[in-house]
Chemist: 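Dropping a structure here in structure tokens format, bear with me for questions.
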Amino acid sequence: MMTAMTVRAHALPVPWQARYAAGANSGVADTIKAGVGGSAGCRPHELLEAALATCMTITARMELRERGVDDAGVAVTVTLEREPMTSRFHYSLELPVALEPQRAAIAARLERSPVRTTLSRALTFEPDAPS
């Protein structure tokens, strides 16, 4: 079994803001509901999009590095479409013209990117016992 990763979030004084931390790294999430809240950070669903987009970008860079190709200019855009019974991630691989010959290899590698693999599995949600 792989080691579990832990992210902790706590409420901030401003409505709907939360600070999250994973080890030494942290950020602020925010949202607006009924006209209350703001945009001091990503909305929670945007954090899911960011996790997939950053993982796929890193994965693309790794593929290019292994091929001995400069990885400058690689980008991935992700959009989450939420429907009542399905959540659908759309993604687009953006490459400079010079990297177009590598597109097929990168696309194949993106299909196996770690966050995509995780999100493709069945998910369960289990509360820990109170301490």
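FYI, side chains are in, hydrogens and waters are out, and symmetry mates aren't considered; it's all heavy atoms of this structure. Nothing fancy with the numbering, it's 1 onward along the sequence.
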Chemist: Show your working on side-chain contact (heavy atoms from CB on, under 4.5 Å) between Gln102 and Leu95 and close with a plain yes or no.
Modeler: CA-CA 9 Å; Gln102 307 295 327; Leu95 297 173; 5.5 Å; no
Chemist: Flag yes if Leu48 and Val28 sit in one hydrophobic cluster, no otherwise; membership is Ile, Leu, Val, Met, Phe, Trp, Tyr, and two members link when side-chain heavy atoms are under 4.5 Å apart.
Modeler: no
Chemist: At their closest point, which heavy atom of Asp30 faces which heavy atom of Ala40, and how far apart are they?
Modeler: OD2-N, 2.9 Å
Chemist: Where do His45 and Leu80 come nearest, in terms of heavy atoms and distance?
Modeler: CD2-CD2, 3.6 Å
Chemist: If Ile, Leu, Val, Met, Phe, Trp and Tyr residues are connected whenever their side-chain heavy atoms lie under 4.5 Å apart, and connections chain through other members, are Val69 and Val76 in the same group?
Modeler: yes
Chemist: Tell me every residue that passes side-chain contact (heavy atoms from CB on, under 4.5 Å) with Ile58, counting only those two or more places apart in sequence or in another chain.
Modeler: Met62
Chemist: Heavy atoms only: give me the nearest Leu110-Ala60 pair and the separation to one decimal.
Modeler: CD2-N, 4.1 Å
Chemist: Indicate the atoms forming the closest heavy-atom contact of Val36 with Pro15, along with that distance.
Modeler: CG1-CB, 3.5 Å
Chemist: Looking at CE of Met56 and CZ of Arg112, how far apart are the two atoms once the value is rounded to the nearest 0.5 Å?
Modeler: 11.5 Å
Chemist: Tell me the closest heavy-atom pair linking Ala72 and Pro96, and the distance in Å.
Modeler: O-CG, 3.4 Å
Chemist: Is the number of heavy atoms from other residues, nucleotides or ligands within 6.0 Å of CZ (Arg43) greater than 12?
Modeler: no
Chemist: How long is the span from the CD atom in Glu111 to the OG1 atom in Thr117, to the nearest 0.5 Å?
Modeler: 10.0 Å
Chemist: For Arg116, does the CZ atom have more than 12 heavy-atom neighbours from other residues, nucleotides or ligands under 6.0 Å away?
Modeler: yes
Chemist: Does Leu99 offer a backbone N or O that forms a donor-acceptor pair with the side chain of Arg103 under 3.5 Å?
Modeler: no
Chemist: Hey, could you give me the CZ/CZ distance between Arg109 and Arg67, rounded to the nearest 0.5 Å?
Modeler: 9.5 Å
Chemist: Please check: side-chain N/O of Glu63 versus main-chain N/O of Ile106, any donor-acceptor pairing under 3.5 Å?
Modeler: no
Chemist: Let me confirm one number: the OG1-CG distance from Thr59 to Leu64, rounded to the nearest 0.5 Å.
Modeler: 11.0 Å
Chemist: In this structure, would Leu47 and Trp16 fall into the same cluster of hydrophobic residues linked by side-chain contacts under 4.5 Å?
Modeler: no
Chemist: Measure the OG1-CD distance between Thr79 and Glu46 for me, rounded to the nearest 0.5 Å.
Modeler: 10.5 Å
Chemist: Drop me the distance from Phe89's CZ to Ser120's OG, to the nearest 0.5 angstrom.
Modeler: 9.0 Å
